[in-house]
Number of protein chains: 2
Amino acid sequence: MPRTSDKRERLIEAANNLIHRQGFHKTTLADIATESDVPLGNVYYYFKTKEEICDAVIEERKKELTTTLDDCCQSANPKKALLKLLNTTMEASNEIAETGCPHGRLCNELSNEIIGLTNSADDCLKVLLEWSRDQFKAMGYRNAKDMSFEFVSRIQGIILVGNSLHDEKQIKAQLKSLINWVESLDSKNKERRVALN
Amino acid sequence: MPRTSDKRERLIEAANNLIHRQGFHKTTLADIATESDVPLGNVYYYFKTKEEICDAVIEERKKELTTTLDDCCQSANPKKALLKLLNTTMEASNEIAETGCPHGRLCNELSNEIIGLTNSADDCLKVLLEWSRDQFKAMGYRNAKDMSFEFVSRIQGIILVGNSLHDEKQIKAQLKSLINWVESLDSKNKERRVALN
DNA sequence: GTCTATATGTTGATAGAC
DNA sequence: GTCTATCAACATATAGAC
């Protein structure tokens, strides 16, 4: 397959941003064409349907998310990995207050809808759930699956409500609370306290 | 204002259901007209624009939600009121797994969008936040606002993720966890334990 | 591979008879 | 108040020249 331009990548990136900001149904192909600076008629050379673009966006998001999560695992310490993800989220709290979470938003919009896609809208959520389950499992928890559900759903809830109210301060406060929860987690296993550190 | 039919109510109810199930942008006036059994052209006698219907839906939802929350307060015990809301939610977990939360969904869809409405998409979330804040305040908590944010965002997160995965079992498990949290809340104030009860 | 022009269908909204 | 017919705008998608 010859690669003579980056139009396909530009289309996916534009669609990714637009679907994140205004949702799938609100976003038109004209929007995507304009934002990516690709003529409308040319879009169809790369994607046969609008759904196919959404499919490619999910594919791209899965890659990005996997990279992010891999990056969190550098320390090879599951607890620190979870905390790194939360800190990364915390750093983006300003953006989150403005536009919310792309994964949660798409899931919410398409959860009751069947669109003919190779990928599913909830794929990214599943990636997040499996990754965090792996971390809790590595920490020695038997109920890792339940904990990962709590972990992910609390993040998603904070972002949903925080974005709805555009309340960055509360997003930070709630994420801090989540961080405290994770930090307290295996201290009970170790059964000791660290003073003045 | 003469009341010769219940068409207006039927339109609002149909719009309420459709916006809940498939979102605002996906829902067309033809959908609403069909579901309410009102001819398309007649819709405009009751509502000038699509946004106006959404406005009426939010208005209706606020009334329903207020009724639900008032009902939870019958016991005049703030802790039991919070628990009653959670138990009511628990009872609807089957429906929630299928279609999610109408309030959270609309907020998520319209949070980054400005629609000329009398009511705002996040009104219902605010009603929930204020009500739960009042309960925590009545329980004697100074940080009642933070706690209400945690309370509501955890509920919303559970519903968002649970609906995305259509996982009723996890919705119930996570709500049970939330119930345990609320139940444990003022036991620390009382500083006592109840054995075998 | 690219892009203009346009077909084709759908949507929100209106006109006007009853 | 009600409802049919229909408009104008916009959406997805295609045709075909370059």
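Just so it is clear: chains get the letters A, B, ... in the order the sequence lines come, proteins before strands, and each one is counted from 1.
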Nearest to the [X] side chain among [options], which nucleotide is it?
{"X": "N42(A)", "options": "dC3(C), dC3(D), dG1(C)", "value": "dC3(C)"}
{"X": "L29(A)", "options": "dT2(C), dA13(C), dA13(D)", "value": "dA13(D)"}
{"X": "T28(B)", "options": "dC3(D), dT11(C), dA11(D)", "value": "dT11(C)"}
{"X": "K50(A)", "options": "dG12(C), dG1(D), dA13(D)", "value": "dA13(D)"}
{"X": "T49(B)", "options": "dA13(C), dG1(D), dT12(D)", "value": "dA13(C)"}

Output the rounded distance in Å from [atom1] ([X]) to [atom2] ([N]).
{"X": "Y45(B)", "N": "dG16(C)", "atom1": "OH", "atom2": "P", "value": "19 Å"}
{"X": "I53(A)", "N": "dT12(D)", "atom1": "CD1", "atom2": "P", "value": "9 Å"}
{"X": "F47(A)", "N": "dT14(D)", "atom1": "CZ", "atom2": "C1'", "value": "18 Å"}
{"X": "Y46(B)", "N": "dC3(D)", "atom1": "OH", "atom2": "P", "value": "8 Å"}
{"X": "Q22(A)", "N": "dA11(D)", "atom1": "CD", "atom2": "P", "value": "11 Å"}
{"X": "L18(A)", "N": "dA11(D)", "atom1": "CG", "atom2": "C1'", "value": "15 Å"}
{"X": "H25(A)", "N": "dC10(D)", "atom1": "NE2", "atom2": "C1'", "value": "16 Å"}
{"X": "L40(B)", "N": "dA5(D)", "atom1": "CG", "atom2": "P", "value": "13 Å"}

Verify the contact: side-chain N or O of [X] to OP1 or OP2 of [N], cut-off strictly under 4.0 Å; return yes or no.
{"X": "K7(B)", "N": "dT2(D)", "value": "yes"}
{"X": "S5(A)", "N": "dT2(C)", "value": "yes"}
{"X": "Y44(B)", "N": "dT14(C)", "value": "no"}

Item to check | Short side-chain donor-acceptor distance under 3.5 Å, N112(A) and T99(B) | outcome: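 Result is no, nothing qualifies.
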Next on the checklist: For G41(B) and E51(A), find the nucleotide of DNA chain D closest to each by heavy atoms; which residue's nucleotide sits nearer the 5' end?
Outcome noted: G41(B)
Do the side chains of [X] and [Y] get close enough for a salt bridge, i.e. N-O under 4.0 angstrom?
{"X": "K172(B)", "Y": "E168(B)", "value": "yes"}
{"X": "D37(A)", "Y": "K7(A)", "value": "no"}
{"X": "R154(B)", "Y": "E150(B)", "value": "yes"}

Checklist entry - Is it true that atom NZ of K80(A) has more than 12 heavy atoms of other residues, nucleotides or ligands lying nearer than 6.0 Å? => result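 No, because the 6.0 Å sphere around NZ of K80(A) holds 12 heavy atoms or fewer from other groups.
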